[in-house]
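Following: one structure in structure tokens, then a few remarks.
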Amino acid sequence: VLETHGTLVTLLAICEAVSGIKYHIPDDGGAFSTSFPPSTRYSARMLLRPLWLLSLASCTTALSTMQPADTLPKGQWHVGGGMSVAVPATQVITALDDIRALEDKLERDPAYQPTDEEQRNYLNAALGLALNAPGPTTDLMLRYGVADGLDVGLRWTTTGIHLDGKFQFMRTHSGWNGALSIGYAHHSFAGLIFDVLELLRIDDFSRWDLEVPLLLGTRLGQWGQVWLGPKYVFARYHLDAAIENAAMTETSEGNIHYLGGLAGFGVGYRWIYAFAELTVMDLLAKPTILGRKVDIGGLVVVPAVGVMARW
């Protein structure tokens with residue numbers, strides 16, 4: 001009993017740190033109780049706000065590449081699995097603050113009519129989270145060598161599906177290879193990510209990406225590989241959304257761009273490797289929301305780890 005009591009006290013201490021709510025567990029077995037900060041009222045969704053990142057964890061965009069520069073020989077296979085973690089720019093923190101402010105007002109007064117600026121901030125937050133949510137993404141890749149110097153791949157991630165082809169344009173006597181990959185990704189996470197936005201009604205959301213990494217790399221004998229290079233991602237999105245108590249539905253659509261690069265290495269023997277990769281991208285996005293352009297761009301850092309087998 002004492003051990004269980006101590007574990008519960010520890011867990012509630014963590015909850016206090018992230019929510020500001022005070023939990024009281026009497027040592028004599030009395031009733032459990034809570035107290036709230038005097039200046040703040042919380043809806044049920046707000047009490048669980050520390051869990052938002054867990055809800056968003058399977059919704060973040062997969063920006064990692066997770067493959068070396070050399071293409072597969074004809075008839076050979078590549079199977080890989082891994083996880084990447086998106087660490088977005090500070091606009092996500094700002095987005096959560098904007099969401100909290102409007103939900104606080106509507107919690108106190110359900111008839112409150114959001115101003116245009118509040119609607120803009122809330123929709124900006126929703127779009128920013130959709131394009132660049134924090135958290136991990138799992139990834140499974142299957143590739144096949146269709147010809148010498150050309151392979152194709154299929155990736156399943158928690159945000160959608162990705163198809164690409166990789167063309168080997170350079171092989172040197174020193175062992176360095178160069179390859180260009182062109183991929184298409186379709187996203188299917190709209191419902192899951194927007195479910196955490198209490199006041200938002202989504203009528204339609206879609207997104208697709210065109211990804212172009214240029215990879216340079218070399219083998220480390222039979223013991224591993226290294227790869228690096230620049231990467232560009234073009235994305236097209238469409239969003240129809242409205243906020244509770246707002247009279248109209250706002251449509252936002254446009255193009256966004258990611259510019260950056262990646263570096264990775266794999267360590268193993270012969271045909272199986274454990275790998276790590278780091279991708280750093282600059283998100284360039286200035287959508288028009290309620291007649292005004294807003295900047296939701298910023299730096300995105302995506303570390304990734306996994307295992308690949310090639311035979």
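A side-chain N or O of S181 and one of D164 form a donor-acceptor pair less than 3.5 Å apart. Side-chain contact annotation: H187 with D209, donor-acceptor N/O pair under 3.5 Å present.
Using a 4.5 Å heavy-atom cutoff, the side chains of L72 and V146 are not in contact. Side-chain contact between F275 and F265 is absent, with no heavy atoms from C-beta onward closer than 4.5 Å. Put simply, the side chain of H238 reaches to within 4.5 Å of the side chain of T251, judged on heavy atoms. Between M170 and L216 there is a side-chain heavy-atom pair separated by less than 4.5 Å. Residues L262 and W227 are in side-chain contact: their nearest non-hydrogen atoms beyond the backbone lie under 4.5 Å apart. You'll find the side chain of L140 stays beyond 4.5 Å of the side chain of T138, heavy atoms only. Side chains of S84 and M66 form a contact here, defined as non-hydrogen atoms less than 4.5 Å apart. No side-chain heavy atom of H162 sits less than 4.5 Å from a side-chain heavy atom of M141.
Considering only residues two or more places apart in sequence or on other chains, I256 meets the side-chain contact (heavy atoms from CB on, under 4.5 Å) condition with L131, R207, A235, Y237, Y258, L283, A285. Annotation: side-chain hydrogen bond (donor to acceptor under 3.5 Å, both in side chains) contacts of T65 (sequence neighbours excluded): K231. Applying the side-chain contact (heavy atoms from CB on, under 4.5 Å) test to L180 and every residue at least two apart in sequence or in another chain returns F169, V212, L214. Applying the ring-ring contact (aromatic ring centres under 6.0 Å, His included) criterion to W156, with sequence neighbours excluded, gives no partner residue. With sequence neighbours excluded, the residues forming a side-chain hydrogen bond (donor to acceptor under 3.5 Å, both in side chains) with H257 are Y232, listed by chain and number. A search for side-chain hydrogen bond (donor to acceptor under 3.5 Å, both in side chains) contacts involving D139 returns R155, not counting sequence neighbours.
Y184 and V233 are assigned to two separate hydrophobic clusters, defined by single-linkage of ILVMFWY side chains at heavy-atom distances under 4.5 Å. Under the 4.5 Å side-chain contact rule for hydrophobic residues, V79 and Y273 do not share a cluster. Placement of I182 and W208 within a single hydrophobic cluster is found when ILVMFWY residues are connected by side-chain heavy-atom separations under 4.5 Å, directly or transitively. Linking Ile, Leu, Val, Met, Phe, Trp and Tyr residues whenever their side-chain heavy atoms come within less than 4.5 Å places W311 and Y144 in a single cluster. Hydrophobic clustering places L284 together with L210 (ILVMFWY residues linked when any side-chain heavy atoms are closer than 4.5 Å, directly or through intermediates).
Considering CZ of R270 and CD of Q222, their distance stands at 6.0 Å, rounded to 0.5 Å. Rounding to the nearest 0.5 angstrom, the gap separating the CZ atom in R171 from the CG atom in N177 is 5.5 Å. With values rounded to the nearest 0.5 angstrom, T157 atom OG1 is found 10.5 Å from L63 atom CG.
D148 has no carboxylate O lying under 4.0 Å from a charged side-chain N of K74, or vice versa, which leaves the two without a salt bridge. In this structure, R310 pairs ionically with D70, as a charged nitrogen and a carboxylate oxygen lie closer than 4.0 Å.
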Just do the side-chain contact (heavy atoms from CB on, under 4.5 Å) check on V302 and L278 with the steps written out, would you? CA-CA 6 Å; V302 188; L278 179 65; over 6 Å; no
Under the side-chain contact (heavy atoms from CB on, under 4.5 Å) criterion, do M308 and Q67 qualify, and how do the steps go? CA-CA 8 Å; M308 67 175 73; Q67 57 174 302; 5.7 Å; no
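The two residues A179 and A69 come nearest to each other via the heavy atoms CB-O, 3.1 Å. When all heavy atoms of A185 and E211 are compared, the pair lying nearest together is CB-OE2, 4.0 Å.
Of the residues K166, H78, R143, the one that meets the side chain to side chain contact (heavy atoms under 4.5 Å, CB included) test with T71 is K166.
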